[in-house]
Amino acid sequence: MTEGARAGDDVNVAQAGEPEAASRREPGDVLVRVRGLRKHFPIRSGMTRRRAGTVKAVDGLDFDIREGETLGLVGESGCGKSTTGRMVMRLLEPSEGTIEFGGRDLTRLSRGQLRPLRRDFQMIFQDPQSSLNPRHTVGTIVGLPFRLQKVTPEGGVKKAVQELLELVGLSPEHYNRYPHEFSGGQRQRIGIARALALRPKLVVADEPVSALDVSIQAQVVNLLDDLQSEFGLTYLIIAHDLSVVRHTSDRVAVMYLGKIVEIADREDLYSSPKHPYTVALMSAVPVPDPARRESRDRILLKGDVPSPMDPPPACRFHTRCWKAQDICKTQEPPLAELTTRHQVACHFPENMPTEDGAGEAVLLAKPAPADAVAAGEGAEAVAETSAEAPAETSADGAAEPVAESSTDSPAETPAAASPKAPDEAPGKDTPPTPAP
Ligand SMILES: Nc1ncnc2c1ncn2[C@@H]1O[C@H](COP(=O)(O)OP(=O)(O)OP(=O)(O)O)[C@@H](O)[C@H]1O
């Protein structure tokens, strides 16, 4: 995770439009190497269960994750982010491609061969409510990885679980409590404690904060950040929300309809997005500063994301792209390194260095005027200066559910304060209270 995310230790993840000074850590060796990854789900119908089509959920991904870095995977709902994360975890069988972890191709391993490796990669799920068994105590839930892997920690499982609870900012006395007794943020901490039990190398976090109230999101983001520093974790963080990814990632990959369309170092991507889809997503991120909000262009993508059962040919974004021309409908642009460590799959990228080497064009350069809009039928995008208009992309996450409030949970005092992040009162996600 970035130094920038750590600054002030109280990140407001909603303030993603704000630039920030950040120094990147030096990347380590490649821990995860994904090549040609595909997942096609057959769709069957009728009594005979005949094949009615194929959902091309993930359709040819290549990316690396280096030791100790955080790769953010971002894109609209349905673009294949979760499917990718689940394949990296080997919870889903890829249709094609390879996933190397520490140099070993996981896709070639049998279940038995995979089992001992599983301790090295763990997952944090979006919905802490449904990912924790309501009938099990916190002790049983967090201790499960020890039992599954037949690992006996020094001092016993109970002691190890209590240490893990403390590590994530919960009280060791919560050992015998049940998930419903906790707030959404605390349940996510339980999920994080479980993921960390076996000291994994890689943590895949699928929308780890999107079900939480904004004030709690910042605490969980900070916790993940601290844990990464303490244990040298490598993260793949999946989010539909560019603001979360901005605060958590060293590099960001943008997905559209099963493919990565852009991947770059975080600062480079945010200061100089090149794929029109990334530019549009970024223009929809809420900006807290009214002056900046007024002055920026907002790009509203018209129409829905096409069906992954029948994706557009060549460049999949051409049906919604204001820059699309004939070549975009006939030739798929390769994901190519257009500037240093910045790969883009586009025939007409934005923000490219000018020919005289004068540097890069301005961020969020205004799209072509409406009469120059594409070539293509249906290629519709408008630029507008009002930030108040509703986004038609889901990038700002406005439609995301907020944390569930467990009204049935008894009121109690917050758990012992974490040295890393303030805690929340059970039963309700509340803003952090300043330490006395
Ligand atoms: N088991 C399945 N069978 C058929 N289609 C599936 C299955 N799982 C996912 N899909 C489809 O694959 C596509 C990608 O889904 P995925 O959940 O990976 O997207 P996502 O980007 O994570 O979206 P979200 O943020 O909404 O979870 C979607 O069209 C989804 O409906």
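Both ligands and their constituent atoms are indexed starting at 1 by order of listing. Treat the numbers as computed from the prediction; the structure is a model and nothing was measured.
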Next on the checklist: Counting only nitrogen or oxygen atoms and a 3.5 angstrom limit, does A57 reach ligand 1?
Outcome noted: no
Item to check | Per-atom contacts of ligand 1 with K81, taking only distances under 4.0 Å to non-hydrogen atoms | outcome: 18 (O), 19 (O), 20 (P), 21 (O), 22 (O), 23 (O), 25 (O)
Checklist entry - Looking only at distance, does G80 have an N or O less than 3.5 Å from an N or O of ligand 1? => result yes
Next on the checklist: Any protein heavy-atom neighbour for atom 31 (O) of ligand 1 (distance below 4.0 angstrom)?
Outcome noted: no
Item to check | Those atoms of ligand 1 less than 4.0 Å from some heavy atom in T83 | outcome: 15 (O), 16 (P), 18 (O)
Checklist entry - What class does the angle between the rings of H180 and Y178 fall in, given that below 30° is parallel, 30 to 60° is tilted and above 60° is perpendicular? => result parallel
Checklist entry - How far is atom 6 (C) of ligand 1 from its nearest protein heavy atom, and which residue and atom name does that atom have? => result F41 CD1, 3.3 Å
Next on the checklist: If you apply the rule side chain to side chain contact (heavy atoms under 4.5 Å, CB included), what do you find for M255 with L73, and how did you get there?
Outcome noted: CA-CA 7 Å; M255 276 187 85; L73 191 58; 3.8 Å; yes
Checklist entry - Which pairs with one or both residues in residues 107-144 pass ring pair (Phe, Tyr, Trp, His ring centres under 6.0 Å), sequence neighbours excluded? => result F101-F121
Checklist entry - Any cation-pi pair here, R199 with F231, using under 6.0 Å and within 45°? => result yes
Next on the checklist: Suppose we measure from atom 20 (P) of ligand 1 to each protein heavy atom; which comes out shortest, and what is that distance?
Outcome noted: G78 N, 3.4 Å
Checklist entry - If you draw a 6.0 Å radius around CZ in R44, do more than 12 non-hydrogen atoms from other residues or ligands fall strictly inside? => result yes
Next on the checklist: Yes or no: does G75 have any heavy atom under 4.0 Å from an atom of ligand 1?
Outcome noted: no
Checklist entry - Stepwise, does the salt bridge (Lys or Arg N to Asp or Glu O under 4.0 Å) test hold for R316 with D59? => result CA-CA 11 Å; R316 292 185 174 189; D59 211 16; 2.4 Å; yes
Checklist entry - Which atoms of ligand 1 sit under 4.0 Å from any heavy atom of S82? => result 17 (O), 18 (O), 20 (P), 22 (O), 27 (O)
Checklist entry - Heavy-atom contact under 4.0 Å between E76 and ligand 1? => result yes
Checklist entry - Which of these passes side-chain contact (heavy atoms from CB on, under 4.5 Å) with V252: T70, V245, D268? => result V245
Checklist entry - What protein heavy atom sits nearest atom 24 (P) of ligand 1, and how far off is it? => result S77 OG, 3.6 Å
Checklist entry - Between K274 and E337, is the closest basic N to carboxylate O distance under 4.0 Å? => result no
Next on the checklist: Under 4.0 Å, heavy-atom basis, I'd like to know which part of V55 is in contact with ligand 1: side chain, backbone, both or neither.
Outcome noted: side chain
Checklist entry - What do we get for P308 next to ligand 1 when only non-hydrogen atoms under 4.0 Å count, side chain, backbone, both or neither? => result side chain
Item to check | Atom indices of ligand 1 within 4.0 angstrom of C79 heavy atoms, with elements | outcome: 19 (O), 20 (P), 21 (O)
Checklist outcome for this item: ring pair (Phe, Tyr, Trp, His ring centres under 6.0 Å) pairs touching residues 66-91, sequence neighbours excluded, are none
